[in-house]
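Inspection log for the structure reproduced underneath, given as structure tokens.
Quick note: numbers below take in every heavy atom, side chains included, and nothing from hydrogens, waters or symmetry partners. Throughout, protein chains are lettered first and strands after them, A, B, ... in sequence-line order, and every chain is numbered starting at 1. Nothing here was measured: the structure is a model prediction, and the numbers come from that model.
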Number of protein chains: 2
Amino acid sequence: MADDDFTMQDEMRRAFSMLSGKWKLEIMWLLNQRVHRFGELRKVIPGITQHMLTAQLRELEADGLISRTVYAEVPPRVEYEMTAKARGLGPTMEALTAWWLEYGKTVPQKAITRGRKKQRLEK
Amino acid sequence: MADDDFTMQDEMRRAFSMLSGKWKLEIMWLLNQRVHRFGELRKVIPGITQHMLTAQLRELEADGLISRTVYAEVPPRVEYEMTAKARGLGPTMEALTAWWLEYGKTVPQKAITRGRKKQRLEK
DNA sequence: CGGTATCCAAAATGATACTG
DNA sequence: CAGTATCATTTTGGATACCG
């Protein structure tokens with residue numbers, strides 16, 4: 001009966017939690033395309049602070065979604081990459097992208113500034 | 001060249017923002033399965049407060065992802081449903097579900113309590 | 001370069017009480 | 001039943017300083 005639905009949602013909760021950080025979808029979307037260095041992520045995610053980027057990356061790493069590789073060079077280089085587990089998210093990211101490209105544009109612009117100021121137009 | 005990537009990510013940002021609330025993925029996943037009443041959502045999303053549920057629903061509505069229908073009955077009944085626009089998210093939700101069912105179980109349990117206490121096991 | 005640490009401000013979320 | 005109002009707590013942002 002609806003019992004299956006309940007169990008399913010219950011299992012999904014961990015997945016929701018792992019992707020619910022404020023910048024995690026964007027980070028995972030970027031890493032799904034290719035490996036990124038720390039500085040690269042900072043550059044391509046306007047508005048994120050070093051502090052938050054570090055925190056979100058640490059959480060994703062703790063959840064086993066990304067791996068962190070430090071290269072012993074000067075200056076140091078650190079690369080973030082999807083783990084094998086997270087690479088299974090590819091179809092999800094691609095479906096999300098396809099959805100937005102098809103239905104997203106049908107909406108007025110609003111304000112996308114994810115910085116804290118005017119996160120959302122008048123409530 | 002990489003210009004396309006930049007533009008793409010730039011457009012995707014609105015989509016990320018619309019789905020980045022703490023409970024939005026779970027709400028959309030549930031609504032993707034069927035229409036839900038306010039009280040139903042409360043019941044099937046353990047830990048969410050009335051306040052937060054209301055807030056998240058209002059934001060999703062403002063973003064055109066869900067519709068709110070009030071039935072003039074006593075006691076009042078309010079149903080939330082995906083809009084045509086959001087129904088395009090179906091494949092995304094299904095890909096996410098398929099991913100988790102295949103790769104998710106490979107992980108230790110940790111703590112899923114999404115309440116604010118012990119959101120995450122030792123950091 | 002890729003962080004960590006600190007301090008403060010603002011925003012998001014939670015808890016509880018109350019209401020049409 | 002489906003909220004709103006109020007207040008408390010947590011999370012996130014901003015800025016700056018410091019380090020291997």
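A:Leu30 is listed as a side-chain neighbour of A:Glu26, based on a closest heavy-atom distance under 4.5 Å. Side chains of B:Ile66 and B:Met28 form a contact here, defined as non-hydrogen atoms less than 4.5 Å apart. B:Pro76 is not listed as a side-chain neighbour of B:Val70, based on a closest heavy-atom distance of 4.5 Å or more.
A:Ala15 meets the side-chain contact (heavy atoms from CB on, under 4.5 Å) test with A:Met12, B:Trp99, B:Trp100; sequence neighbours excluded. Applying the salt bridge (charged side-chain N to carboxylate O under 4.0 Å, His left out) test to B:Arg68 and every residue at least two apart in sequence or in another chain returns nothing. Every residue meeting the salt bridge (charged side-chain N to carboxylate O under 4.0 Å, His left out) condition with A:Glu40, not counting sequence neighbours, appears here in chain and number order: A:Arg34. Residues that satisfy the side-chain contact (heavy atoms from CB on, under 4.5 Å) test with A:Arg77, not counting sequence neighbours, are A:Arg37, A:Tyr71, A:Glu73, A:Glu79.
Taking atom CD of B:Glu61 as the reference point, atom C1' of D:dA2 lies 14 Å away to the nearest angstrom. We find that NE2 of A:His36 is positioned 17 Å from P of C:dC1, with the value rounded to whole Å. The CD-P distance, from A:Glu40 to C:dC1, rounds to 12 Å in whole Å. In this structure, B:Lys43 places its NZ atom 15 Å from C1' of D:dG3, rounding to the nearest Å. One can place CG of B:Leu41 at 10 Å from P of D:dG3, the figure rounded to the nearest angstrom.
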Output a table of nitrogen or oxygen pairs between the protein and nucleotides 18-20 of chain D separated by less than 3.5 Å.
none

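Remark: B:Arg37 is in phosphate contact with D:dA2, judged by side-chain N or O atoms under 4.0 Å from OP1 or OP2. Contact annotation: B:Tyr80 side-chain N/O to D:dC1 OP1/OP2 distance is not under 4.0 Å. Listed pair B:Lys22 / C:dG14 meets the phosphate criterion, a side-chain N or O lying under 4.0 Å from OP1 or OP2. At the phosphate of D:dA2, neither OP1 nor OP2 sits under 4.0 Å from any side-chain N or O atom of B:Arg58.
Taking CG of B:Leu101 as the start and CE of A:Met8 as the end, the distance is 5.5 Å to the nearest 0.5 Å. Rounding to the nearest 0.5 Å places CG of B:Leu53 at 5.5 Å from CD1 of B:Ile27.
Taking every side-chain heavy atom of B:Trp23 into account, C:dG14 is the closest of C:dG14, D:dA2, D:dG13.
No chain of hydrophobic side-chain contacts below 4.5 Å, direct or via other Ile, Leu, Val, Met, Phe, Trp or Tyr residues, connects A:Leu57 to A:Val35. Criterion: ILVMFWY side-chain heavy atoms under 4.5 Å apart, direct or through other members. Under it, A:Val78 and A:Val74 are not part of a common hydrophobic cluster.
For A:Gln9 (side chain) and B:Val44 (main-chain N/O), a donor-acceptor pair under 3.5 Å exists by modelled atom type.
Listed by residue number, the members of residues 65-74 of chain A with any heavy atom below 4.0 angstrom from DNA chain D form an empty set. For the segment residues 48-57 of chain A, the set of residues with a heavy atom within less than 4.0 Å of an atom of DNA chain C comprises A:Gln50, A:Thr54, in numerical order.
Terminal axes of the helix from C:dC1-D:dG20 to C:dG20-D:dC1 (five pairs each, C1' rotation axis) are separated by 60°, to the nearest 10°.
Contacts of A:Arg42 with the nucleic acid, taken as non-hydrogen atoms under 4.0 Å apart, are absent.
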Please list, one pair per line, the donor and acceptor atoms closer than 3.5 Å that link side chains of residues 87-98 of chain B to other protein atoms, with sequence neighbours excluded.
| from | atom 1 | to | atom 2 | distance (Å) |
| --- | --- | --- | --- | --- |
| B:Arg87 | NH2 | B:Met82 | O | 3.1 |
| B:Thr92 | OG1 | A:Ala95 | O | 3.4 |
| B:Thr92 | OG1 | A:Leu96 | N | 3.1 |
| B:Thr97 | OG1 | B:Trp29 | NE1 | 2.8 |
| B:Thr97 | OG1 | B:Met93 | O | 2.8 |

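Smallest separation of non-hydrogen atoms from B:Lys24 and B:Leu19: CB-O, 3.9 Å.
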